[in-house]
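Here the structure comes first, spelled out in structure tokens, and everything after it is commentary.
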Amino acid sequence: MAEASLLDHALVRLDEASAHLTIDADVIEKLKYARETTKVRLMIRMDDGSRKSFLAWRCRYDDTRGPTKGGIRFHPDASEDEVEMLAFWMTFKCAVMNLPYGGGKGAVQVDPRALSKAELERLSRAYIQAFSRILGPDRDIPAPDVYTNSMIMGWMADEYAQIVGRAEPAVITGKPIALGGSLGRGDATARGGYYLVRHLAKELGLNGSMRVAVQGFGNAGQHIARLLASDGHKIVAVSDSEGAVQSKAGLDLDKLLAAKAEGHSVASTVGQGGHDFLSADHLVSVDCDLLVPAALENMIHEANAETVKARLVLELANGPVTATADAILGKKGVVVLPDILANAGGVTVSYFEWVQNRQGFYWTVEEIHDRLRAIMEREGRAIWNLSQEKGLSVRTAAYVHALSRLAEAIEAHGTQNFFMS
Ligand code: GLU
């Protein structure tokens, strides 16, 4: 028997959810496979004059509910299987939030930290040259993901505009403000999770100051630490790809943010302001109330799930808890606020950016925050209630919630017209 793919593992959640809904078998058949995945080899000129090639993909997983939406990841371990799994999650994430989108994802197999800025720009532009026929504001709309950012989105939007011969800002989200980006997109992933935790605080039994551990100190990790600290919660441990630090009294966020801004690891602050050494592998086992995985997939797994001490896990990363670990955490009574809900603030403000680009009228940051909070609270509340009524984990409830929307759309399309474009 062939080894299970990453996508197969992700599909376990679809199976679990489908047991709680009466839906047609062909709905599941439709959602079990990526609609199309395009693979190319990008060739770019390096600064030393040599040529180098990089594998790249774009997956449009399902477009039943609208144009496919999802970020582009630059990572040395990126693979076709991973891109499809991430695009599957985007399909459910957009349905959870009731955004008029399907799910997609892209990736380049590269370590962007090993490239110069000029090389990175050439690679970003090459990606758009290769995939421009797949993309479009009504077809497939990329955004940032792991190791990509607004600067890269800006180059990509510019390249797309040059190819089609007109400004088309709505083809990509997470752009710099100067190119039609939205206010509030920068911290949207963390802010959505923050609003969710605040809204469900009573139900989750949270009162007073929480001790928080954050795994991953990139965009989402830095912003969630800042937002929670501003409410008086204590950040007791953080990690990044190179190390970790802890402090029972609470870490000095300004020191951590300054270290990151200078390109150093959080571990470089050991010895300053009461920061103690912590092995990055032990971050998930730190004594805390709230654990925030904000790095990569599968960080909480069979071998370490039992050691989690937090009562609540907020998944700002995509897929940080494996299905086996989920069962272990469930037995321990740990509540997991799942990725497709907890980190959906990012794609929700991407949607706001797309709407603003299309109407050519831009909102204030207060309007962005209010609209994001309203959607997080609406969908978070519905999912929480469903989990309580049916005795489901919050994750399964989120999948049931999304699946019922997807099933309705798939059925409404009719049998002959499963694909829109
Ligand atoms: N990469 C983010 C995610 O995984 C954002 C996607 C988007 O804004 O389209 O949700």
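Every number for a ligand or one of its atoms is a count from 1 in the order of the listing.
Residue contacts with ligand 1 for Lys105 involve side-chain atoms from C-beta outward but no N, CA, C or O (heavy atoms, distance under 4.0 Å). Within the 4.0 Å heavy-atom criterion, the part of Pro144 lying near ligand 1 is the backbone and not the side chain. Residue-level proximity to ligand 1 for Arg185 is carried by the side chain, the only part with a heavy atom below 4.0 angstrom. Only the side chain of Asn318 comes within 4.0 Å of ligand 1, judged by heavy-atom distances.
Contact between Gly70 and ligand 1 is present, with at least one heavy atom of the residue lying under 4.0 Å from the ligand.
Near Asp145, meaning under 4.0 Å from one of its heavy atoms, ligand 1 places the atoms 1 (N), 2 (C), 4 (O). Shown in contact with Val347 at under 4.0 Å from a heavy atom are these atoms of ligand 1, numbered in order with element: 7 (C), 8 (O), 9 (O). Less than 4.0 angstrom separates some heavy atom of Met90 from each of these atoms of ligand 1: 3 (C), 4 (O), 6 (C), 10 (O).
A salt bridge between Lys331 and Asp326 is absent, with no side-chain N of the basic residue lying under 4.0 Å from a carboxylate O of the acidic one. With respect to the salt-bridge test (charged N to carboxylate O, under 4.0 angstrom), the residues Glu408 and Arg405 do not qualify. Ion pairing between Glu82 and Lys105 fails under the 4.0 Å rule for side-chain N and carboxylate O. Note on Asp339 versus Lys93: no salt bridge recorded, every NZ/NE/NH1/NH2 to OD/OE distance being 4.0 Å or above. Between Arg198 and Glu377 no salt bridge is recorded (no basic side-chain N to carboxylate O distance below 4.0 Å). Electrostatic pairing of Glu168 and Arg166 counts as a salt bridge here, judged by a charged N lying under 4.0 Å from a carboxylate O.
Looking from atom 8 (O) of ligand 1 to the surrounding protein, the closest heavy atom is Ser350 OG, 2.6 Å. Annotation: atom 3 (C) of ligand 1 to nearest protein heavy atom, Lys93 NZ, 3.3 Å. The single protein non-hydrogen atom nearest to atom 9 (O) of ligand 1 is Lys69 NZ, 2.8 Å, given as residue, atom name and distance. At the shortest separation from atom 7 (C) of ligand 1 among protein heavy atoms lies Ala143 CB, 3.3 Å.
Cation-pi contact between Arg373 and Tyr195: present, with separation from the ring centre below 6.0 Å and deviation from the ring axis of at most 45°.
Nearest heavy atoms, Arg133 versus Arg139: O-NH1, 3.2 Å.
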